[in-house]
Amino acid sequence: MKITALIILAGCCFITGIIHSQVNQRKKMQKDTQYPKALVDYEDFKNLVTELEKQREKNLVSLDVFLKMAKEENVVILDTRSDFRFNRKHLKGAIHLDFTDFTQENLLKLIPDPNTRILIYCNNNFDGDPIDFASKMAKPKTNIETQILSNRKPIMLALNIPTHINLYGYGYKNIYELDELVNVNDSRITFEGTEMK
């Protein structure tokens with residue numbers, strides 16, 4: 001019985017020693033490892049925003065202009081909402097690339113010619129369907145605000161802006177953005193998707 005207990009005790013000590021050694025080795029590796037800075041550059045983003053600002057303002061279009069452009073040659077309507085939202089309901093004829101899948105390679109597969117005119121829209125362009133076009137906005141909290149803060153308008157966080165900036169950064173300069181809040185029942189527009197069957 002004593003020999004069995006000694007063997008078990010020796011085994012436990014051996015396993016504890018191995019675990020302790022591995023933990024120390026891991027700590028040393030973490031201490032010695034110097035990772036490079038993340039591939040994130042806020043200055044690049046700010047520079048793109050500044051460069052694009054005036055051009056974007058000129059390329060905001062009404063629904064009528066948007067629909068007219070959509071019928072022209074070398075023009076695509078790009079929907080960058082989630083797969084779920086796109087599959088449920090999108091403008092007829094729109095192509096799709098989820099914004100989270102934007103890479104130079106993915107964009108070139110979808111839109112090989114960077115001179116293509118790209119028409120973009122997002123949830124904040126459509127009213128009357130809070131499920132398929134849920135507005136992206138941050139509303140000010142009202143519980144402990146002063147009178148001044150309670151008069152603040154919501155912050156619009158539309159996907160159009162980061163989509164526009166990223167497309168521009170990837171070399172697509174011919175971008176036009178729908179600039180109206182259109183009722184989903186407007187007879188000028190046609191939707192397609194699983195919710196339209």
Partner residues of Arg88 under the salt bridge (charged side-chain N to carboxylate O under 4.0 Å, His left out) criterion, sequence neighbours left out: Asp132, Glu195
Any donor-acceptor pair under 3.5 Å from Asp127 side chain to Asn183 backbone: no
Please confirm whether the backbone N or O of Val61 pairs with a side-chain atom of Asp179, one donor and one acceptor, at under 3.5 Å? no
Find out whether Asn115 and Asn174 are in side-chain contact, i.e. whether some heavy atom of one side chain is under 4.5 Å from a heavy atom of the other. no
Before we go on, tell me: are the rings of Tyr121 and Tyr176 under 6.0 Å apart, centre to centre? no
In terms of the angle between their ring planes, are Phe191 and Phe126 parallel, tilted or perpendicular, with boundaries placed at 30° and 60°? perpendicular
Assigning hydrophobic clusters by single linkage (Ile, Leu, Val, Met, Phe, Trp, Tyr; side-chain heavy-atom cutoff under 4.5 Å), is Leu60 placed with Ile165? no
Could you go through the side chain to side chain contact (heavy atoms under 4.5 Å, CB included) check for Leu167 and Leu107 one step at a time? CA-CA 8 Å; Leu167 284 169; Leu107 282 164; 3.8 Å; yes
Qualifying residue for side chain to side chain contact (heavy atoms under 4.5 Å, CB included) with Leu110, from Asp101, Leu78, Thr116: Leu78
Quick one, Asp186 and Leu63 - any side-chain contact, counting heavy atoms below 4.5 Å? yes
4.5 Å side-chain heavy-atom contact, His90 and Arg81: yes
With a 3.5 Å distance limit and no angle check, can you tell me whether Asn166 reaches the backbone of Pro162 through a side-chain donor-acceptor pair? yes
Using 0.5 Å steps for rounding, measure from the CD atom of Glu177 to the CD1 atom of Ile161. 6.5 Å
Taking all non-hydrogen atoms of both residues into account, name the closest pair between Tyr172 and Asp113 and its distance. CE2-O, 4.0 Å
Leu159 with Val49, same ILVMFWY side-chain cluster at under 4.5 Å: yes
Going only through I, L, V, M, F, W and Y residues with side-chain contacts under 4.5 Å, is there a path from Ile95 to Leu108? yes
Hey, are the side chains of Phe45 and Asp41 touching, using non-hydrogen atoms and a 4.5 Å cut-off? no
Would you compute the distance between atom OG1 of Thr194 and atom CZ of Phe84 and round it to the nearest 0.5 angstrom? 8.0 Å
Would you say Thr190 and Met196 make side-chain contact, with heavy atoms under 4.5 Å? no
Does a side-chain heavy-atom distance below 4.5 Å link Thr80 with Ile120? no
Can a donor-acceptor pair be found, under 3.5 Å and without considering hydrogens, that links the side chain of Asn125 to the backbone of Leu178? yes
Residue pair Val182, Val184: steps toward the side chain to side chain contact (heavy atoms under 4.5 Å, CB included) verdict: CA-CA 6 Å; Val182 179; Val184 291; over 6 Å; no
With no hydrogens and no angle check, is any side-chain donor or acceptor of Asn160 less than 3.5 Å from a backbone partner on Cys122? yes
Find out whether Ile111 and Val76 are in side-chain contact, i.e. whether some heavy atom of one side chain is under 4.5 Å from a heavy atom of the other. yes
Cation-pi geometry met for Lys173 and Tyr168 (6.0 Å, 45°): yes
Got Ile77 and Leu119 here, is their nearest side-chain heavy-atom distance under 4.5 Å? yes
Donor-acceptor check, side chain of Asn124 to backbone of Lys136, threshold 3.5 angstrom: yes or no? yes
Please tabulate, for the side chains in residues 64-73, all donor-acceptor contacts under 3.5 angstrom to protein atoms that are two or more places apart in sequence or on a different chain.
unit_1 : atom_1 : unit_2 : atom_2 : d
Asp64  : OD1    : Arg188 : NH1    : 2.8
Asp64  : OD2    : Arg188 : NH1    : 3.3
Glu72  : OE1    : Arg117 : NH1    : 2.6

Tyr170 side, atom OH; Asn106 side, atom CG - distance, nearest 0.5 Å: 9.0 Å
Using only atom types and a distance under 3.5 Å, with no angle test, would you say the side chain of Glu192 pairs donor to acceptor with the backbone of Lys92? no
Carboxylate-amine/guanidinium contact Lys46 Glu43, below 4.0 Å: yes
Take Glu57 and Asn59 through the side chain to side chain contact (heavy atoms under 4.5 Å, CB included) test and state the conclusion after the steps. CA-CA 5 Å; Glu57 208 172 294; Asn59 290 11; over 6 Å; no
What distance do Asn123 atom CG and Leu157 atom CG have between them, rounded to the nearest 0.5 Å? 12.0 Å
So CG of Leu52 and CG of Asn47: to nearest 0.5 Å the spacing works out to 12.0 Å
